[in-house]
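Heads up: the structure comes next, in structure tokens.
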Amino acid sequence: MQREEKHFEITLDAVLQRLVDLKLSVLAMIQKLEMEYMDINWPTFLDNFALISSHLTGLTKILAKEQCPPLRNRTVLPLLVSMDRDEALINLTEGRVPVFSHDIVPDYLRTRPDPVTEQKMQQNEQKASNLTNDAAMKQVTQYNKVVSHVLDMVSKAREEWEIESNSRTGIQQTSSMADTQLLVAAVGMGKGLQFKANYGPGPGMMVPPSIRGPTPPMGGPSMSPGNVQQLGKAPSAVKTNIKSANQVHPFSR
Amino acid sequence: MGVTVLQPYPMPEGKSGAYIIDHLGKRLLSLGATHAGQFLVDCETFISTPQHGTPTRAVHVLHNSECPASTFSIIDNGTGKQVALVADNIFDLLMLKMTNTFTSKKQTKIESRGARFEYGDFVIKLGSVTMMEHFKGVLVEIEYKPCITLSYCWEMIREMLQGFLSINVGKEYPSYFTTQTIMNAMGQQQLHKQNDIYEPMDTIKQYLEQFTNYRKHVQMHSAMGGTVGPVMMNTVVGMGRP
Amino acid sequence: MSNSVNISVETTCENQIREIAYDGTELYQPPPTLSESLAKCAARIDFSKTSLEDLKKEEKSAAAAEEDAKDANIFQESLWPWDAVRNKLKDAYTEICVLSDVISIAKDKRYLVLDPLLEDSDDTKPIVQVYTRKKAISQAAQVLLSGAERLRNAHSELRNPNVKDFHIELLRLRQNWRLKKVSNGAIIGDLSYRTAGSKFGMSGTFEVAKAEDVLDEETTTSNANSSGGNTPNTQISTNNGIQPNGSSSLRVIVPAELQGVAYIKVITQKDQEDLCTAQVNLMGHGPNITAQVGVWQKTLEFAQNVLFCKELFAQLAREAIQLQAPIPHVVIGNQIRATLLPNIQLIISLCHSTSFDSNQPAPINDHDHVLEHSLHQLLREVHYKNSHHPFPHPASAPLGPSKKRMIAGPTAADRDSLLEMTKTQTILEQIIAQAQHIFMRKRTQYVLDTLARDVKDPQIVSHWNAMNSPTMSCVKINIVTHGYDAFGRTSLVIHVKERSLKCICRDGRVMRLSYEPQELRDLILCQINSHQISCLVSLARCMAWTVLSNSNHLGIGKVEPLGNASSCLLASPNSDRMIAVQIRCDPQIDVKVYIARSPRQDFFPTPLVPEKFWENLGGNFKEVRFDKIEGKSFLNKMEFLMASLTSNTA
Amino acid sequence: MAISSARESLSHALNNRFLPNLEYLLQGSILDSAVEHLMHRLKGLCDNVDTSPETFHDLEVCMSLRQPNTNQPLMLRVRRALGRDAPFQMRYLGQPEVDQRRPTLVRSCMDCACTNGILDFLTEMGFRLEFEYIAKGYMFRKGRMKITVSKLIKIVPGKQDMANEPISQSYIVELSVVAPTGQENVGEEMRVFAEQLKPLVQLEKIDYKRLGNIP
């Protein structure tokens, strides 16, 4: 019984929360209509509707949950009715209910349902009344069968549709973050490009053969001094090695 | 782009550089050459901060107003090996990036600037060399445009030098062009420069040669000169001179 | 654009075009102010439909949203379209408020509690729920059905023939032109040369419309025009809107300023009479695909041509203003006047006739294909340069500088070549240069032909090179005497440039002539008489006469800059006769021939010169009446003369 | 007229901000399987679609110089177009700054074309080879934006170029603009373009200095 209550409380909070959202969105919609109806455009209009309806569905979801205690088994029971205004009440209801007095309570608690809906109820009621119980049951089962049948037809069709649409758009990944980082690091600071031969004295110190090889003579003779010097390569290599020996490598790891 | 020969003009005693330049210019004009703008060749030298075990390296950065888009640089690692480079002007900014390693020797900034003359296929430049605003001498640059190897046109250039500028030069090729042997991987190698195809870099190298001489000169006159080693090192000494 | 197989992807930012602005600045329009789109919406809103759409979006949508939208269309014509919706929403709002209030009040348990009833009396029979649910489901079903209905209709439309080919034609259009669908569903095309590298500001957008809704589109068109102020075009534009009716069910609506036919007329004028004219008109360029595609193809091609001509002219006009020529170029209205040579003018004018039917421009005499082509070509080149920049190698090198500039640094390019790179020639300069050249060529041809006609002896033969550049052509001239070709031919080459001639003679002399025809004339004449003399000399030699002297420049008579009278003196083999020839070339060639004989017949010793041998001294020359001597040509006559004189002595 | 020295004109260019010295960069990668797809999209988006994409095949060598009293060595990259008659490109890249307000990574940058003596030259100056790789791929341009789609190939010492293997199964995609200082709109332009390549490639500003620590 205790946890029953607790559970109930939770549900109420959830519902309340939903309601507040719903309220706000509807309010926003109304304001939109009244304030900027001059330049409201169709898409936003529809979006607002979508928002409202989503809130509504959320609400119904909550109520449909089976662990939600049956609310209809509850009745609203006024405890105290007073004529004097109550600040707590006011800010509780955002100033809509200043006092909880006997004259507003009935109307406010909607003791009677909305006439339109009530009338509809009536129709159904009496329609149901002139029909025997088991016949009713038959209809119900029939109805359920049909509905469930239709439901799974629809759901099947839907998932097929989704499958083929997915295959069509082909959302396979075209790039990988890891590769990006690898490549960027390589370009940026030669990660994974240095070969160990580099460190310590050795031929690795020299400009690698791939680039020192005789390059095509640049247009115009003035490119050749490089070549001339290319001949005097070996000694320089030796020296650089000496240098490298007594210099500590900046990227030592 | 032709062949260029750079010739220092022997300074007669008691004649100011300005006078010489003026004199030569007048002569050229009177002989029918036409004045065609100015020119400037400057050279700045960067010295590597000495590190034990490594000889001091010097990077000479030169510009030639004839090649406005290029920066020429020649590195001289203490062991006599030189590497030449031609690059965009941006290279100057790159040099500034390594000021920690290569410091500019402002005192040795040297330049040759003056007037350009054209005479038919010849271009004659009369440059007065100044280092730290001090006049150092006169360099005569003479270019023969239609030809690209010196050995074919040396005689003409020589005649031009003698006839027009009355600089008497010997029949043999100027020192820069004479056969030089360089040491390399395949041992000794002879280079006959006068037969090579001439390149803008050669002009620059000639200038560097002359500039180095002027700096040496400074250093030799300075009392405390005479330290052995790379030239650049002791030009520093000569900076104080008027 | 006609061969646009490549499909360009549009950038997102362009999608904000709502409707074609007829000043063609759709890009710079701010994103459409929604007030104008409200008009659209309010017009479109049919609440029953839209709410269905709305519901179709999310199947299990709330009945609330559906309802207020549903009965909204009853109050459709109340004070403002949203009224009904608003009311419904308000009701819903109050209900929600109540519910939330009740719950919140109940939560603090002071005033009321939600009290659990002990007996769980579920009085509502399941069958009741069945009924209610049935209702709900049927509504949902209705929604779906009507949606399906709409789809079916749309689908069946495709099947029905007269609408079917709209999509086919759209496909064709898409294959040949750039199209894009903009937010409000309209289809906008672009016939400008932008993707081809044009930087022309004027937009070439056109709207593609279906056959049915062409009517209202058209009204908007005419509105735009009349409001735009160019009322003359209004009529045409509407015509143009409907023009390709009948067969095709696709309309292209071209902005008013691109309608009609345009071409660029180039006239070179001497004083007042035209020398040659050209006309740039792209009609008929490229494959004509109007056959297999709709009539709109023609409309678009015309429009594109108009655009091209306008760009070309705008470009030329800009350059004409910027260039400072010795004689400044004049731009008046859509006409550019540039001076080629003294009192010879180049007139480039833009003709834009908006009357649609007269697409054949007025017949133009002496229609010059060369200038037409090169104008066209020049602008295309500009476009090409704009869009095709060289890629840097290696790839890290900066983008932008030309290939030459890239290597300028390392190759130590000298000042002149760097300066060379910066130079670019404007279209106007180039076209003027070409026009000048064409003119110079005509002039040179004229001079040479007239000379060849007037001067029979010797003959002047000129060979024009078939291959020549637009600003340089070359002619070789041979001067020969018929029958005496062996004795010598004088040949010279003339390079015809833009404003000058360069003549290279056989002896290697190079002469630069101005554009004045007289100079060329003089030169040729001088060449003729030096030819005569030189041939005479060689003739004399092989007739065993001795040449005592000859001179190509006597310096007598009227002195031309390039030479004048030339002469030569011949002596017979036994030197008893002498012939003196003098040829003048001012103003036309005339030949004087004198002969003298020694010993002279009329020698009588006088006290002063008593001795006889003085008679051997040559006597005074008597002029021969050269024209009376028989012989076809000068050399022929001289041969006779020499022959006769020789025989006399024998 | 007096001749101004090259240095003067250079500083003048710097001050008047027409010397492009800032690189705006966005980087990403694409799997080999999807590269064709990317190429098609780029062909559609970039300038002169009619010509087939420009290919390149470069060797990049990164040389470093340890400078006294700075712990950060000076890095210079030298690029050479293989099998092509083009000058070498020397490149200095400053520290990348990843600023939240800016849509792209920005780093100072200097490009300098040189004769092929450059590597020798740097070696003599005391530079030493840091690393090298071969970049092979395609280049596009859209306005002033340069887009490269390139395969990085590691050079195995001793072996020939044939034997060198790519370091990953993806192409690296780089979108870059080199512009003078004070042109902020560049970044925006690039962002818009990068948007159009999504979801194929995610072009982002990646601070590779951070990646350095990842083992």
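We use all heavy atoms of the structure for the numbers below, so side chains are in, but hydrogens, waters and symmetry mates are not. Chain identifiers are assigned alphabetically (A, B, ...) following the order of the sequence lines, protein sequences preceding nucleic acid strands; residue numbering begins at 1 within each chain.
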Begin from the C-alpha positions of C:Ile137 and A:Val147 and carry the test side chain to side chain contact (heavy atoms under 4.5 Å, CB included) through to its verdict. CA-CA 10 Å; C:Ile137 290 183; A:Val147 167; 4.3 Å; yes
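Once rounded to the nearest 0.5 Å, the distance linking OG of C:Ser104 with CG of A:Asp13 reads 11.0 Å. Rounding to the nearest 0.5 Å places OH of C:Tyr93 at 4.0 Å from CG of A:Leu27. The line from CZ of C:Arg86 to CD1 of A:Ile30 is 8.5 Å long, rounded to the nearest 0.5 Å. C:Ile96 CD1 to A:Ile52 CD1: the interatomic distance, rounded to the nearest 0.5 Å, is 7.5 Å.
Here the rule is side-chain contact (heavy atoms from CB on, under 4.5 Å) with C:Leu99, and of A:Leu19, A:Val15, A:Leu16, A:Leu22 only A:Leu19 fits it. Of the residues listed (A:Lys23, A:Arg18, A:Gln17), the one engaging C:Ser100 in a side-chain contact (heavy atoms from CB on, under 4.5 Å) is A:Lys23, and it is the only one.
By the 6.0 Å and 45° rule, A:Lys127 stacks over the aromatic ring of C:Tyr131.
At a heavy-atom separation below 4.5 angstrom, chain C is approached by A:Met137, A:Gln139, A:Val140, A:Tyr143 within residues 137-145 of chain A.
Pairing each heavy atom of C:Leu89 with each of A:Val26, the nearest pair is O-CG1, 3.9 Å.
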